[in-house]
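Nothing fancy with the numbering, it's 1 onward along the sequence.
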Amino acid sequence: MLPTALNHVTAPGLSFVDLLSLAKSTGCSGIELRTDLPTPMFDGLTAEVAGRRAEDANVEILTIAEVKAFNDWSDEKAEEADRLMQIAAACGSKGVTLIPRNDGLGLGNGERQANLRIALRELMPMLEAHDLMGFVEPLGFEHCSLQYKSEAVEIIEALRAENRIKLVHDTFHHFLAGGGPVFPDHTAIVHVSGVTDAGLAAREMEDHHRVLVDGQDRIGNVAQIEHLIAGNFSGAVSIEAFAPEVQKITDPRSEIRRSFGFISSRLAEMAA
């Protein structure tokens, strides 16, 4: 099994320290933090102290999410990105997550590519100054301005930014976008979550349908991970489950371990 991690949205009620403990108890080597949860990200700790707590627990802070609508670039967006990068650098995070505009605007062919290129070009020196990675996460929704990883890869390569900007492969969003190439060489993190509701059409699937991956999964999590592994991907597989029923689990440790165990066993079967 690849290294595993937890996105804080999977257990948003946990404090930072408790998230570290959950990660350790489920065999995870990393966590992903977020700025959009109702509780303070570090529970009153400074970023520097939080980073030392994570280091002491031997749990890596993989990224902090998110620079929202990063491809709608402006002076204000640059300030927002720099503030998040300062926090990420202070706590020892590897990078920051870059989420594209997702409001139905900026969708035109040519327009969306130009906006993406401008944003990544401007973000490059900022990431370098803070010695951070930028993790671009395409979203598969039809109203998103960056649905397809291929468009991000084309611009990353054109900017020669491969050593500073990588992709997040989200299995849910990859499914919604219709699949396609997975670009393992460009991928740093994989987000996994399952959809098990048999009555949903793909266009009806939303974040609140995303549960832990098990044998009822409809979106092909294991096959997607196997495809990435076949291309020599070696990054972290991180659970990012938004469903309220997951977020309210009273014993997340056993359920998360069960989900990772299912994924690991299925991957072993496919490799045999």
Side-chain angles (χ1 to χ4, degrees), residues 7 32-36 41 47-48 51 60-170 173-174 177 180-191 235-236 238 240:
N7 189 293
E32 297 179 88
L33 300 178
R34 307 179 67 98
T35 59
D36 60 351
M41 186 161 50
E48 291 81 1
E60 186 172 27
I61 301 175
L62 297 177
T63 186
I64 298 179
E66 59 197 47
V67 181
K68 190 174 184 178
F70 80 92
N71 53 344
D72 182 22
W73 196 254
S74 64
D75 290 344
E76 292 75 18
K77 189 62 60 179
E79 293 174 2
E80 176 189 338
D82 189 67
R83 286 194 298 270
L84 188 62
M85 290 181 196
Q86 290 181 41
I87 296 169
C91 74
S93 174
K94 289 180 68 175
V96 294
T97 304
L98 309 172
I99 299 296
R101 190 168 190 168
N102 191 38
D103 58 0
L105 299 177
L107 303 184
N109 190 29
E111 178 188 14
R112 62 179 187 269
Q113 295 91 338
N115 288 340
L116 179 60
R117 184 184 183 95
I118 289 168
L120 293 183
R121 184 189 67 203
E122 296 300 314
L123 282 161
M124 274 286 293
M126 299 172 65
L127 291 165
E128 289 172 352
H130 291 289
D131 193 22
L132 294 170
M133 298 295 298
F135 301 120
V136 176
E137 184 171 0
L139 306 181
F141 300 125
E142 292 181 355
H143 50 267
C144 181
S145 59
L146 179 58
Q147 274 190 289
Y148 305 110
K149 291 187 288 296
S150 57
E151 290 187 1
V153 167
E154 182 177 354
I155 293 172
I156 290 169
E157 291 181 344
L159 294 172
R160 298 182 180 179
E162 296 93 331
N163 292 330
R164 190 60 65 182
I165 298 175
K166 297 290 186 182
L167 298 178
V168 176
H169 176 104
D170 187 295
H173 288 295
H174 185 72
V182 295
F183 302 104
D185 291 344
H186 284 275
T187 302
I189 301 169
V190 176
H191 284 167
S238 181
E240 186 186 45

- Between I87 and M41, is a side-chain contact (heavy atoms from CB on, under 4.5 Å) present by the stated rule, with each step listed? CA-CA 10 Å; I87 296 169; M41 186 161 50; 3.8 Å; yes

Using side-chain heavy atoms (C-beta onward) and a distance below 4.5 Å, is [X] in contact with [Y]?
| X | Y | result |
| --- | --- | --- |
| H173 | H191 | no |
| H143 | N102 | yes |
| H130 | D82 | yes |
| K166 | K94 | no |
| L105 | D72 | no |
| V168 | L98 | no |
| R34 | E240 | yes |

Just by modelled atom types, is the [Y] backbone N or O under 3.5 Å from a matching donor or acceptor in the [X] side chain?
| X | Y | value |
| --- | --- | --- |
| R112 | G106 | no |
| Q147 | G140 | yes |
| N71 | R101 | yes |

Measure the spacing between [atom1] of [X] and [atom2] of [Y] and express it to the nearest 0.5 Å.
| X | Y | atom1 | atom2 | answer |
| --- | --- | --- | --- | --- |
| I189 | H169 | CD1 | NE2 | 13.0 Å |
| Y148 | E154 | OH | CD | 14.5 Å |
| E66 | E32 | CD | CD | 11.5 Å |
| S74 | E122 | OG | CD | 11.0 Å |
| M133 | T63 | CE | OG1 | 10.0 Å |
| E151 | R117 | CD | CZ | 13.5 Å |

Candidates [options] - the one meeting side-chain contact (heavy atoms from CB on, under 4.5 Å) with [X]:
| X | options | result |
| --- | --- | --- |
| I165 | I155, L120, V153 | L120 |
| P100 | L146, N115, V136, L116 | L146 |
| L123 | E128, M85, R164 | M85 |

To check you understand the geometry: which heavy-atom pair defines the closest contact between [X] and [Y], and what is its length?
| X | Y | answer |
| --- | --- | --- |
| C91 | I64 | SG-CD1, 3.8 Å |
| G95 | F135 | CA-CE1, 3.8 Å |
| P181 | H174 | O-CE1, 3.6 Å |

- Tell me, please, which residues at least two apart from K77 pass salt bridge (charged side-chain N to carboxylate O under 4.0 Å, His left out). E80

- For the pair I61 and L33, evaluate side-chain contact (heavy atoms from CB on, under 4.5 Å) and give the outcome as yes or no after the intermediate values. CA-CA 7 Å; I61 301 175; L33 300 178; 4.0 Å; yes

